[in-house]
Amino acid sequence: MRTRDGGASLQERIVALIHERGLAPGSPMPTEVQLMELLGASRNSVREAVRALQALGIVEIRHGHGTFVGHASLDALTPSFAFRVRSGPGGIRALHDLVEVRELLETGLIGQVAQSTSAPRLAALEALANGMDRDPEADRAFHALLYESCGNELVLQLIGLFWDVYHEVEPTLGPPEERTAEITVNHRRIVAALRARDAEAAREAMRLHFRDVKARIARAEDRPVPAPT
């Protein structure tokens, strides 16, 4: 967001203003006229900067009510992240890299979960695992619930971001594969390890889960590219 001469852009100056005033998410922003006066900028420049910050989730425009400080959810990054994966060097290989990062994150955390997951949460996880053959959203709900006990909101947002990007890009892997029973078994294995409070078994079960995901990506990489017609 830097200008060509290295100075702070208008977007950066608005963000700095939010921090200087200690404005929390949901707080009303200075009006457009106030921003023009505070920043010495034109109306069009202020509007353009605010729209750019809205796209990032840093501000929220509520029509008829004004502009407010946003929550900067990582959801706003999904389109650009998906574009980066799809257009990056290596094509499908970039999707493998995304899954690998998610695997590192989840296998690193699952040991902590094994020591802190309650009986009611285990029951809910088991129900989600058993419902994966009927509900395609159960897989996402399983992984979100899995890490709630960590008390780390950023972790939950990152896992949600990786999930959204993977499933947006997944059609590039070709037709869906029928793997419902396999997925259910993998998730039941994770639950069993958590129930036994066996951190290493939980990590190994998670590695097996991601091994299957990466194997599908590898099969797509090896698939011949159709000849042009």
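Here the side chains of Val165 and Glu168 are not in contact, with every heavy-atom distance at 4.5 Å or above. Two residues are said to be in side-chain contact when any heavy atoms from C-beta on lie closer than 4.5 Å; Val46 and Val33 fail this criterion. Taking 4.5 Å as the limit, some side-chain heavy atom of Ile18 sits within range of a side-chain heavy atom of Met29. Between Val50 and Leu35 the shortest side-chain heavy-atom distance falls below 4.5 Å. Counting heavy atoms from C-beta outward, Ile110 and Leu146 have side chains that approach closer than 4.5 Å. Looking at Arg21 and Pro30, their side chains come closer than 4.5 Å, going by heavy atoms from C-beta outward.
A salt bridge does not link Glu204 to Arg189: none of the charged nitrogens lies less than 4.0 Å from a carboxylate oxygen. Comment: Arg43 does not engage Glu37 in a salt bridge, judged by the lack of any side-chain N to carboxylate O separation of less than 4.0 angstrom. A salt bridge between Glu103 and Lys214 is present, with a side-chain N of the basic residue lying under 4.0 Å from a carboxylate O of the acidic one. With respect to Arg140 and Glu137, no salt bridge is recorded, no charged nitrogen being found less than 4.0 Å from a carboxylate O.
At a cut-off of 3.5 Å, with distance as the only test, no side-chain donor of Asn44 or Arg47 sits close to an acceptor on the other residue. A donor atom on one side chain and an acceptor atom on the other are found under 3.5 Å apart for Glu106 and Tyr147. In this model, no donor atom of one side chain and acceptor atom of the other lie less than 3.5 Å apart for Asn130 and His187.
Distance check, rounded to the nearest 0.5 Å: CG of Leu39 to CG of Leu17 gives 6.0 Å. Put simply, CG on Leu194 and OG1 on Thr117 are 5.0 Å apart, with the number rounded to the nearest 0.5 Å. Within the model, atoms CE of Met132 and CD1 of Ile183 stand 7.5 Å from one another, a figure rounded to the nearest 0.5 Å. To the nearest 0.5 Å, the span separating CZ on Arg121 from CD on Glu126 amounts to 15.0 Å. The CZ atom of Phe83 lies 15.0 Å from the OG1 atom of Thr78; values are rounded to the nearest 0.5 Å.
Partner Leu109 forms a side-chain contact (heavy atoms from CB on, under 4.5 Å) with one of Val155, Leu104, Asn152 and no other, that one being Val155.
Judged purely by atom type and a 3.5 angstrom limit, Ser45 has no side-chain atom pairing as donor or acceptor with the backbone of Ala41. Between the side chain of Ser27 and the backbone N or O of Ala24, at least one donor-acceptor pair lies under 3.5 Å. Of the possible polar contacts, none joining the Arg102 side chain to the Ile159 backbone as a donor-acceptor pair under 3.5 Å is found. Using modelled atom types, one side-chain atom of Glu12 and one backbone atom of Ser9 make a donor-acceptor pair closer than 3.5 Å. Remark: side-chain polar atoms of Arg197 are paired, donor with acceptor, to backbone N or O of Gln115 under 3.5 angstrom.
In terms of heavy-atom proximity, Arg203 sits nearest to Gly111 at NH1-CA, 3.6 Å. Listed here is the closest heavy atom pair of Val191 and Phe142: CG2-CE1, 3.7 Å. When every heavy atom of Arg207 is checked against every heavy atom of Thr107, the shortest pair comes out as CG-CG2, 3.9 Å. Between Ala205 and Ile190, the closest heavy-atom pair is CB-CG1, 3.7 Å. Heavy-atom minimum distance, Leu208 versus Asn186: O-ND2, 4.4 Å. Closest non-hydrogen pair, Pro25 versus Gly70, comes out as CB-O, 3.5 Å.
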> Does the pair Met206 and His143 meet the rule for a side chain to side chain contact (heavy atoms under 4.5 Å, CB included), with working shown?
Replying inline: CA-CA 11 Å; Met206 189 62 74; His143 286 267; 4.2 Å; yes
>> If you apply the rule salt bridge (charged side-chain N to carboxylate O under 4.0 Å, His left out), what do you find for Arg13 with Glu20, and how did you get there?
In response: CA-CA 10 Å; Arg13 292 165 66 196; Glu20 288 166 7; over 6 Å; no
>> If you apply the rule side chain to side chain contact (heavy atoms under 4.5 Å, CB included), what do you find for Glu100 with Phe210, and how did you get there?
In response: CA-CA 8 Å; Glu100 195 166 65; Phe210 280 103; over 6 Å; no
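Under the 4.5 Å side-chain contact rule for hydrophobic residues, Ile14 and Met36 share a cluster. Ile217 and Trp163 are members of different hydrophobic clusters when ILVMFWY side chains are connected at heavy-atom separations under 4.5 Å.
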Counting only pairs under 3.5 Å, give me each side-chain donor-acceptor contact of residues 56-64, with atom names and distances, residues two or more places apart or in other chains.
unit_1, atom_1, unit_2, atom_2, d
Glu60, OE2, Arg62, NE, 3.3

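Surrounding CD of Glu32 are more than 12 heavy atoms belonging to other residues, nucleotides or ligands, all under 6.0 Å away.
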